[in-house]
Every structure is written in structure tokens, then in C-alpha cells.
**Q** 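One structure, as C-alpha cells, below. Some questions next.
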Amino acid sequence: MKISALNGFKDIIPGEVELWQHVENVARDIFSRFNFSEIRMPILEKTDLFARSIGEATDIVEKEMYTFIDKQITMRPEATASLLRAYIQHGLHVQKPVQRLFTIGPMFRHERPQKGRLRQFHQMDVEVLGTPNPRVDAELMAMGAMFLEKLGVTVSLEMNSLGCPACRPGFRETLLAFIEERKDKLCDDCVRRSTTNPLRVLDCKNPKCREQVEEAPSIQEHLCDDCAEHFTSVQKGLDQLKVDYSLNKFMVRGLDYYTRTTFEFITKDLGAQAAVGAGGRYDGLVEKLGGPKVPGIGFALGMERLVLLLQQKEEQKTDNSKIDIFVAGLGEKASEFVFPLVHILRQQGLQTAMDHEGRSLKSQMKQANKLNAGYVLIIGENELEQGQAVLRNMATQEQQEITIDSDNMKMASLLMKKCRQ
RNA sequence: GUGGGUGUAGCUCAGUUGGUGGUAGCACCUGGUUGUGGCCCAGGAGGUCGUGGGUUCAAGUCCCAUCACUCACCCCA
């Protein structure tokens with residue numbers, strides 16, 4: 001029986017991994033422009049951490065976590081909880097009143113895989129801890145937009161406010177009353193939601209529910225004064241930074257901890273998985289996890305989704321990988337001479353390849369061509385006897401004779417010069 | 001957890017009413033050039049037709065089961 005990877009788990013093989021590196025490189029570039037520092041956390045945490053942060057009643061905690069039951073530890077289903085745990089544990093709030101952190105890595109959720117959704121998936125997670133300032137909300141969204149634009153994916157930004165513990169319960173009641181009136185016209189899922197998470201009825205995909213919900217009360221009109229002021233300030237900030245966005249009173253978020261600002265970067269090109277990035281404010285969460293009473297806001301980008309979008313955009317990304325020099329040794333004697341020389345070239349910093357299979361020169365030339373080598377150094381029995389090797393420039397097809405020096409270091413520095421000029 | 005679709009070479013796919021697995025394309029190897037790449041030409045290698053049963057003289061093809069993949073629902077990045 002052939003062994004294959006687990007369902008929902010994927011290898012990222014050469015040819016594809018370059019795109020991932022590209023996404024990460026762009027992210028690190030943009031995030032550092034915004035003064036973010038990287039943090040890396042372990043993948044395993046105590047189960048309780050996620051139960052407390054994400055919410056006991058959410059699907060993620062109820063049935064999607066990879067948990068070692070006997071040890072009460074869980075592979076993280078998202079990054080925010082772990083990041084906050086590290087923030088609290090190391091007292092990062094004392095070192096700096098406002099922390100701007102990001103992390104990149106795998107997350108695990110036992111859901112049924114589909115397009116843009118795997119059981120092991122990768123997120124880039126960005127968090128700002130220690131400031132309630134609505135400008136930061138706008139700044140974060142602007143950074144996300146800048147990153148996605150730099151990558152070259154087109155998305156739309158949608159924003160909403162979910163209020164705070166002062167105003168959301170009131171809205172919840174108003175909404176429940178509205179739902180109760182037309183319960184018979186909603187889908188089964190929505191009837192269930194009305195008891196588990198009424199806000200979720202607002203973003204049901206069912207067209208009939210959408211129709212019903214059209215007239216539903218808007219949370220944006222039920223915010224308390226503080227939340228309303230925060231909400232308008234965020235919008236003002238986005239306007240100042242010239243970030244395109246639209247308000248979506250139906251957008252709610254799945255995780256319990258969100259307060260006030262929530263947002264999503266949405267694409268039409270990924271089927272059911274519309275969100276390539278999403279997040280929001282979570283002002284009570286750090287305290288809830290036993291940390292200082294500090295507000296926070298953050299968002300996550302789904303890397304699989306970004307990579308899919310990039311793959312769709314340009315069918316074949318031209319392979320730019322290139323090596324400096326291919327050393328072709330012909331015959332056993334030459335191979336023996338060439339073997340340590342190649343090592344010196346690598347020590348000197350040249351990307352160097354050679355063949356170990358004793359293949360013909362023609363075959364080795366083909367390999368060199370495939371590797372996109374800048375130069376090929378040809379050394380066979382003849383060259384060894386005459387003390388002259390051939391250096392071929394693959395682009396210009398020009399060849400020149402190089403004196404073979406028994407001192408590999410001298411030979412290497414000569415080749416360095418030739419190859420790098 | 002629920003529903004639909006698909007499983008043939010490393011990849012993309014042909015395969016007729018059941019009648020011997022394809023000179024198919026890409027990729028790989030060798031040769032055409034005593035020791036010189038891309039293009040071209042010739043040749044080669046590569047398969048338990050997802051797996052296990054069943055029907056039949058005969059199954060890649062029909063039936064059942066199972067596994068995997070995939071899309072969607074739920075949920076979510």
C-alpha cells in the first residue's frame with residue numbers, strides 16, 4: 001500500500017514553494033515598513049487556552065480541534081490565542097506599551113477540506129496590542145490592503161462594528177425579536193443559529209434568508225456612543241489613508257472575542273472561500289486570558305488562498321532560479337579532480353552543481369541548461385593532460401581556456417572573477 | 001458531520017455497444033554530434049486501469065462495497 005499524506009494535509013513541493021516564499025517575502029517587507037516584529041510560538045498549547053479565547057460554543061472548539069485528549073493539549077487552530085499567551089507570559093506589555101507583532105505558520109482544524117481550505121493551513125497573523133486608538137484599526141486595514149496590492153491580488157475590503165459588551169447585548173435582543181417574527185421564513189440553519197449565535201443569521205448564504213434579513217436592524221445604528229465614535233473615527237482614518245472599503249452591516253465574525261471593528265478582505269475568485277484575510281478588534285481578550293487590561297486588534301491572512309489566487313493569475317510563473325556554474329567532469333579521473341573543486345566554489349559563494357552519474361558531456365550540458373547555469377566548466381582527460389579547462393558562457397556560447405591550477409583556491413578565485421563579471 | 005462529482009504512466013488526458021492498456025501531449029533516459037545545452041528527429045523506460053468483491057466465455061468499461069481526491073453545505077483564513 002502506498003503511503004500518502006493525510007486528507008487535508010498537503011506537501012509544498014519545489015516549483016510551488018517559490019510562490020510561498022514570494023508571499024512571505026512581500027509580507028515581511030510590508031509588515032516591517034509598519035514597524036511590526038516577528039514572533040514565533042509553539043504549535044501545541046493547552047486545550048483550555050483555545051476554549052477560553054475562541055469560545056466554548058464555537059464549532060472550532062466543539063468539534064474541529066486536533067486535541068490529545070489524555071494530555072489536554074491541542075494543535076493551534078488559529079494564532080491569536082497563542083500569540084496573546086506568549087505576550088502575557090513574557091510580560092511584553094511592560095517592555096513596550098504598544099506591541100506590534102506578526103507570526104507566520106501552520107494552523108490545524110479538523111474540517112472537511114475544500115477549495116482554499118485544508119486541515120493544516122497556513123496563516124500570516126498580525127496583532128497590535130495595547131492601544132484602543134481607531135487610527136490603528138485604519139492603519140492595520142491599510143497595511144493589509146497595501147500587502148495584497150503589492151502581491152497583485154484584487155480584493156475588496158468590507159468593514160463593520162460589532163459593538164462592545166455595553167451595546168451588543170441590547171442589539172442582540174432587538175435582532176432576536178426581529179428573527180422571531182419571521183422564523184418560519186428562514187432556513188433550518190438560521191433557526192438553529194437564532195439560539196446558538198443570532199448574529200450569524202445576518203450573513204447566511206441562503207438567498208431567502210438574505211431577503212428576509214434585508215430589513216433587519218443594523219448594528220451600526222445600535223452602537224453605544226463610544227463605539228459609534230470609534231466606528232466613525234476608523235472610517236475617517238481609512239479615508240485619510242485613501243483605502244477603499246465598504247460598510248457591511250451583515251458581516252459578523254465567527255470567533256467570540258471580537259469587539260467593535262471587524263473586517264474582511266474578500267475575493268470573488270476562490271469559490272466559497274471568499275475571505276483571504278479577516279480580523280478585528282478584541283478589547284477584552286487579553287484580560288480574559290489572565291493578562292493586563294489592554295485592548296487589541298489583529299487579522300489573519302490565509303496563505304493557501306493567496307497562493308491559489310497568484311497561481312490563477314499567472315498560469316506559469318517563470319522559473320527564475322539560476323545557478324552560477326555547472327562543473328562537467330568527464331570520466332572518473334576528471335570527476336575526482338572536480339569533486340573538491342566544486343566544494344571550494346561553494347565555499348566561495350558560487351551556486352554550483354555537478355553530475356555524479358558519469359554521464360556524457362551532452363547529457364551534462366542538458367542538465368546545466370535545465371538548471372539555467374550561467375557557465376559550464378568542462379574538464380575531461382584532455383584538459384587534465386594539457387592543463388587547460390574550457391569555460392563556456394551559456395548565454396553567449398563563448399568559450400575560453402582556463403589554466404588548470406592544482407591549487408583549488410586559486411582556481412576557484414579565478415572562476416569567481418569570471419563568473420561574476 | 002451532510003450531499004454531489006471524479007479515480008487510467010510522475011503530470012494532463014484518450015479509451016466506441018463489454019472483445020489484447022495509448023506511435024497521445026508534457027516531463028524523464030539514450031542516440032542522431034569520438035567531448036558541447038535550448039530547436040528538431042529517432043528510440044527507450046515508465047501501469048497491480050484507486051482497492052476488494054460480483055455479473056460474464058470475456059470488465060478500464062456493467063453492479064455492489066470500500067478508500068482516496070475534489071466541489072459544495074455547516075463552519076471559517
Side-chain angles (χ1 to χ4, degrees), chain A residues 1-10 13 15 54-55 57-65 77-80 104-126 144 155 187-190 192-193 196-197 200 203-206 252-255 263-267 270-280 298-309 316 326 328-331 334 357 359-383 390-399:
Chain A
M1 193 173 63
K2 247 192 280 184
I3 297 179
S4 54
L6 291 170
N7 189 14
F9 289 70
K10 284 255 187 304
I13 59 179
I54 299 168
T58 58
D59 276 23
I60 294 180
V61 171
E62 268 187 357
K63 48 195 182 195
E64 294 177 359
M65 296 204 302
E78 58 123 32
T80 303
I104 300 175
M107 314 290 157
F108 304 84
R109 290 181 201 169
H110 190 104
E111 340 175 59
R112 199 71 170 259
Q114 64 190 74
K115 190 183 177 86
R117 192 175 79 177
L118 296 173
R119 287 181 173 171
Q120 175 176 333
F121 59 103
H122 299 78
Q123 288 187 339
M124 296 187 290
D125 201 70
V126 178
V155 294
C187 70
D188 292 348
D189 281 324
C190 279
R192 179 177 53 78
R193 287 185 186 108
T196 56
N197 190 352
R200 276 271 156 197
D203 72 347
C204 182
K205 285 177 186 168
N206 189 313
V252 297
R253 311 263 46 252
L255 281 38
F263 56 94
E264 290 186 356
F265 292 100
I266 291 177
T267 174
L270 282 180
Q273 266 57 246
V276 297
F299 71 100
L301 294 150
M303 292 190 71
E304 277 78 6
R305 296 177 184 183
L306 293 172
V307 168
L308 272 175
L309 286 174
Q316 285 284 359
F326 187 100
L330 303 172
E357 318 308 319
R359 292 203 233 250
S360 68
L361 178 58
K362 174 175 175 163
S363 171
Q364 295 198 47
M365 292 297 293
K366 280 189 179 178
Q367 288 178 62
N369 185 53
K370 230 172 299 170
L371 293 168
N372 209 358
Y375 290 83
V376 173
L377 180 69
I378 301 168
I379 299 184
E381 310 274 324
N382 299 346
E383 282 75 10
V390 176
L391 184 67
R392 179 178 177 89
N393 181 323
M394 293 294 276
T396 64
Q397 305 185 36
E398 284 165 352
Q399 299 195 161

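Excluded from the calculations below are hydrogen atoms, water molecules and symmetry mates; all remaining heavy atoms, backbone and side chain alike, are included. In the text below, chain A, chain B and the rest are named by the order of the sequence lines, each starting its count at 1.
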**Q** Could you state the CD-C1' distance from A/Gln397 to B/C39, rounded to the nearest angstrom?
**A**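 In whole Å, B/C39 C1' lies 12 Å from A/Gln397 CD.
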**Q** Starting from the C-alpha separation in whole Å, work towards a yes-or-no answer on side chain to side chain contact (heavy atoms under 4.5 Å, CB included) for A/Ile104 and A/His122.
**A** CA-CA 7 Å; A/Ile104 300 175; A/His122 299 78; over 6 Å; no
**Q** Roughly how many Å apart are B/A24 and B/G47, using the C1' atom of each and rounding to a whole number?
**A**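 That atom pair is separated by 16 Å.
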**Q** What is the distance, rounded to the nearest whole Å, between atom CG of A/Asp188 and atom C1' of B/G3?
**A** 15 Å
**Q** Protein within reach of the bases, or only the backbone? For nucleotides 70-77 of chain B, mark each nucleotide 5' to 3' as B, S or -, using heavy atoms under 4.0 Å.
**A** SSBBBBBB
**Q** Indicate yes or no for a side-chain donor-acceptor contact from A/Gln364 to the backbone of A/Arg359 under 3.5 Å, with no hydrogens or angles considered.
**A**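 The answer is yes, because a donor-acceptor pair under 3.5 Å joins these two groups.
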**Q** Given atom CD of A/Gln364 and atom P of B/C29, what is their separation to the nearest angstrom?
**A**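 Answer to the nearest Å: 12 Å.
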**Q** Between B/C74 and B/G10, how many Å separate the two C1' atoms, rounded to a whole number?
**A**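 Here B/C74 and B/G10 have their C1' atoms 36 Å from each other.
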**Q** Measuring only the P atom in each nucleotide, how far is B/U23 from B/G18? A whole number of Å is fine.
**A** 23 Å
**Q** Do A/Ile378 and A/Leu361 have side chains that approach each other closer than 4.5 Å (heavy atoms only, starting at C-beta)?
**A** yes
**Q** Nearest heavy-atom pair of A/Arg119 and A/Asn7: which atoms, and what distance?
**A** CD-O, 3.4 Å
**Q** Given atom NZ of A/Lys362 and atom P of B/U33, what is their separation to the nearest angstrom?
**A** 9 Å
**Q** Going from OG1 on A/Thr58 to CD on A/Glu64, what distance comes out if it is rounded to the nearest 0.5 angstrom?
**A**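 Between atom OG1 of A/Thr58 and atom CD of A/Glu64 there are 8.0 Å.
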**Q** Specify the closest pair of heavy atoms between A/Met107 and A/Pro77, including all atoms of both residues, with the distance to one decimal.
**A** CB-O, 3.8 Å
**Q** Does A/Leu6 CG have over 12 foreign heavy atoms under 6.0 Å away?
**A**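 Atom CG in A/Leu6 is crowded, with more than 12 foreign heavy atoms closer than 6.0 Å.
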**Q** Using atom P of each nucleotide, how far apart are B/G7 and B/C13 to the nearest Å?
**A**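 So the two P atoms sit 10 Å from each other.
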**Q** CZ of A/Arg392 versus P of B/G35: gap in Å, rounded?
**A** 16 Å
**Q** When the P atoms of B/G32 and B/A9 are compared, how many Å lie between them, rounded to an integer?
**A**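 Per the computed distance, 33 Å lies between those P atoms.
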**Q** Test salt bridge (Lys or Arg N to Asp or Glu O under 4.0 Å) on A/Glu78 and A/Arg109; report intermediate values, then the result.
**A** CA-CA 9 Å; A/Glu78 58 123 32; A/Arg109 290 181 201 169; 5.5 Å; no
**Q** A/Ser360 or A/Val390: which one's nearest nucleotide on RNA chain B is closer to the 5' end?
**A**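 Going by which nucleotide is closer to the 5' end, it is A/Ser360.
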**Q** Mind calculating the distance between CE (A/Met365) and C1' (B/U36) to the nearest angstrom?
**A**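 Taking CE of A/Met365 and C1' of B/U36, I get 4 Å after rounding.
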**Q** Please measure how far the P atom in B/G60 lies from the corresponding atom in B/U55, and state the result in whole Å.
**A**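 Pairwise P distance, B/G60 against B/U55, rounds to 16 Å.
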**Q** Heavy atoms, side chains only, cut-off 4.5 Å: are A/Ile60 and A/Met65 in contact?
**A** yes
**Q** Identify all stems in which RNA chain B takes part, counting only runs of at least 3 consecutive pairs (Watson-Crick or G-U wobble, each distance under 3.5 Å), and give each as one range with another, ordered by first number.
**A** B:1-7 with B:67-73, B:10-12 with B:24-26, B:28-32 with B:40-44, B:50-54 with B:62-66
**Q** Atom NZ of A/Lys366 to atom C1' of B/G35: distance rounded to whole Å?
**A** 15 Å
**Q** With rounding to the closest Å, how many angstrom separate the P atoms on B/U61 and B/U20?
**A**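 Nearest-Å result for B/U61 against B/U20 at atom P: 14 Å.
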**Q** Distance check, P atoms only: B/G22 and B/C49, in whole angstrom units.
**A** 14 Å
**Q** How close or far is atom C1' of B/C11 from atom CD1 of A/Ile13, stated in whole angstroms?
**A** 10 Å
**Q** Which heavy-atom pair separates A/Arg200 from A/Arg253 by the least distance, and what is that distance?
**A** NH2-C, 3.2 Å
**Q** Under 4.0 Å, counting only non-hydrogen atoms across every strand here, what does A/Leu306 touch: a base, just sugar-phosphate, or nothing?
**A**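 Answer is nothing: A/Leu306 stays at 4.0 Å or more from every strand.
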**Q** Between A/Lys370 and B/C28, does any side-chain N or O lie under 4.0 Å from OP1 or OP2?
**A**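 Yes, because at least one side-chain N or O of A/Lys370 sits under 4.0 Å from OP1 or OP2 of B/C28.
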**Q** Hey, does A/Glu383 reach any base, or is it just sugar-phosphate, or nothing, if we go heavy atoms under 4.0 Å?
**A** base
